[in-house]
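Quick note: residue numbers are just sequence positions, from 1. When reading the values below, keep in mind they use all heavy atoms of this one structure, side chains included, and skip hydrogens, waters and symmetry mates.
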Amino acid sequence: MPRILLLHTGGTLGMAGGYPSALRPAAFFKTLKARVPELFALADIELELFSNIDSCEMQPELWSRMAAHLHRRLPRFDGAVVTHGTDTLSYTASALSFMLQGLPHPVVLTGSQRPLGEIRTDARLNLIDAVTAALRGPREVCICFDSHLYRGNRTMKVKVAEYDAFESPNFPVLGTLGVDATFAPGLKARGRFRLREKLEHRVFLLKVFPGLDPTLPLQLLPHLKGLVVEAYGAGNVPVDASLGRSLRPLFAEAQRRDIPVVVVSQAYRNGVDLTLYESGAEALGRGVIPGGDMTASAALVKLMHTLAYTRGREQVARAMFRPLAGELTPPPRAG
Ligand code: ASP
């Protein structure tokens, strides 16, 4: 029988009644056996309790520990399933995708909108599909949810109270689990299985909005090692000094302090193109790094990761341009 490591971290899937009441580890395994007996027909499942938290409590230190744990344990299995709350699932999937390089087996994250013990729960199907994907899907960090397999670092939680909670706006699904389960080949394997679990935590995600007082983010800069700006549309931000809210001084100060600034879009689909409008070109001139079609969460976690392994703004820019785990569509080559 193939072997699957099932690492439980928490979330609605393992909760009972209203939060904070959660299924205890023993109760969770018992409920799992009672509610999803098929799981144990698919594979020899080894359950491990990593944590039992609402995913709003998930932190970068826990991503590093989780990655180290998976790096140690995964080679003894045919795949891993990580159960996790949906709120920060995309962040955790992004972190694991950057930290676990050259995966020998799939790592599939899943969760649910209704707890496993409840009637009409989506946890049963999500778990069965996640184990199926961990056995037959691509060797990547994926999210399996509502009959679809997604590249984890491309996802966004888009719904709070419907079962199809995740989408991957800029990248096709990696698998469909309908009557038949079909999977795409996924990323090409690159090198040996390596753990890169370090992160620089001193980063910030700034969403631009009409009325943003530019002096506020300016005051944050001395405390930061990197900044992600969620700009409008193609990557625009206000730069007209006569209107009093130009972000030009922020970019200039970041450049002076050698703090990398990555720009991503607030728009749901496509990505930034800083050459399109004057405002974007102005930012480019200030050394701002275009984040392409990365989601804001993937860009933020990638910046944390890149800053921990790379020195200097130029080097960070180069690393941010280069796809590390399929999180970014490389711009077409000129000519
Ligand atoms: N608040 C929960 C969590 O992220 C939501 C869920 O799991 O769906 O842990």
Side-chain angles (χ1 to χ4, degrees), residues 1-58 66 69-70 73-74 77-89 92-93 105-137 141-150 152 155 157 159-166 175-181 183:
M1 255 242 203
R3 299 189 69 217
I4 292 292
L5 172 66
L6 178 55
L7 194 63
H8 183 62
T9 70
T12 294
L13 185 140
M15 288 181 189
Y19 183 77
S21 133
L23 292 174
R24 284 190 307 277
F28 178 62
F29 205 29
K30 239 172 68 204
T31 310
L32 203 62
K33 282 199 158 142
R35 301 282 293 168
V36 212
E38 306 96 306
L39 219 52
F40 300 85
L42 280 173
D44 180 3
I45 312 267
E46 193 164 320
L47 182 82
E48 287 183 354
L49 185 82
F50 179 81
S51 57
N52 209 350
I53 55 171
D54 186 298
S55 78
C56 65
E57 304 293 352
M58 192 48 77
M66 205 186 299
H69 187 84
L70 287 165
R73 300 285 285 142
L74 192 60
F77 293 84
D78 296 291
V81 170
V82 178
T83 45
H84 192 289
T86 56
D87 288 346
T88 60
L89 190 52
T92 300
H105 308 294
V107 171
V108 182
L109 290 91
T110 195
S112 72
Q113 297 285 64
R114 280 178 82 91
L116 178 62
E118 284 188 8
I119 295 170
R120 292 189 54 252
T121 179
D122 51 333
R124 280 193 68 238
L125 190 61
N126 286 349
L127 280 164
I128 294 167
D129 284 348
V131 169
T132 306
L135 292 170
R136 293 173 38 200
V141 177
C142 301
I143 289 180
C144 190
F145 220 90
D146 193 47
S147 306
H148 292 97
L149 187 72
Y150 304 98
T155 58
K157 178 172 173 174
K159 292 178 189 170
V160 176
E162 289 165 59
Y163 287 145
D164 52 345
F166 285 86
T176 307
L177 296 106
V179 174
D180 298 313
F183 298 102

Could you state the interatomic distance from [atom1] ([X]) to [atom2] ([Y]), rounded to the nearest 0.5 Å?
X	Y	atom1	atom2	result
T132	F183	OG1	CZ	6.5 Å
L149	D129	CG	CG	9.0 Å
D87	L89	CG	CG	9.5 Å
D44	I4	CG	CD1	9.5 Å
F28	L47	CZ	CG	6.0 Å
S112	H84	OG	NE2	13.0 Å

Quick one: does [X]'s side chain have a donor or acceptor within less than 3.5 Å of a partner on [Y]'s backbone?
X	Y	answer
S51	T9	yes
Y150	C144	no
N126	G111	yes
R136	A181	yes
R120	R114	no
D78	R3	yes
T110	A130	no
T155	G152	yes

- Item | Intermediate values then yes/no, side-chain contact (heavy atoms from CB on, under 4.5 Å), E162 and D146 | CA-CA 10 Å; E162 289 165 59; D146 193 47; over 6 Å; no

- Query: Is the charged tip of K33 near the ring of F29: under 6.0 Å from the six-membered ring centre and within 45° of its axis?
  - Reply: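 Yes - K33 lies over the ring of F29, closer than 6.0 Å to its centre and within 45° of its axis.
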
Testing [options] one by one against [X] for a side chain to side chain contact (heavy atoms under 4.5 Å, CB included), which residue passes?
X	options	result
V82	E48, H8, M66, H69	M66
P115	T31, T121, L13, T12	T12
L127	T83, D122, I45, L42	T83

Which atoms form the tightest heavy-atom contact between [X] and [Y], and what is the distance?
X	Y	answer
A134	A80	CB-O, 3.9 Å
D164	K159	OD2-NZ, 2.9 Å
S55	T88	O-OG1, 2.7 Å
N52	G10	OD1-CA, 4.0 Å

- Centroid-centroid under 6.0 Å between H105 and F77 rings: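 Centroid separation for H105 and F77: 6.0 Å or greater.
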
- Determine, stepwise, if the pair F145 / Q113 fulfils side-chain contact (heavy atoms from CB on, under 4.5 Å). CA-CA 10 Å; F145 220 90; Q113 297 285 64; 4.2 Å; yes

- Task: Please assess V36 against L116 for the test side-chain contact (heavy atoms from CB on, under 4.5 Å), listing each intermediate value before the final yes or no.
- Result: CA-CA 9 Å; V36 212; L116 178 62; 3.7 Å; yes

- Task: Step by step, work out the side-chain contact (heavy atoms from CB on, under 4.5 Å) result for S147 and L125.
- Result: CA-CA 8 Å; S147 306; L125 190 61; 4.0 Å; yes

- Query: Is there a side-chain contact between T92 and L109, using heavy atoms and a 4.5 Å cut-off?
  - Reply: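 Heavy-atom side-chain distance check passes, below 4.5 Å.
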
- Task: Please examine the side chains of L74 and V107, heavy atoms only from C-beta on, and report whether any two atoms are closer than 4.5 Å.
- Result: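 Contact flag for V107/L74 side chains = yes.
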
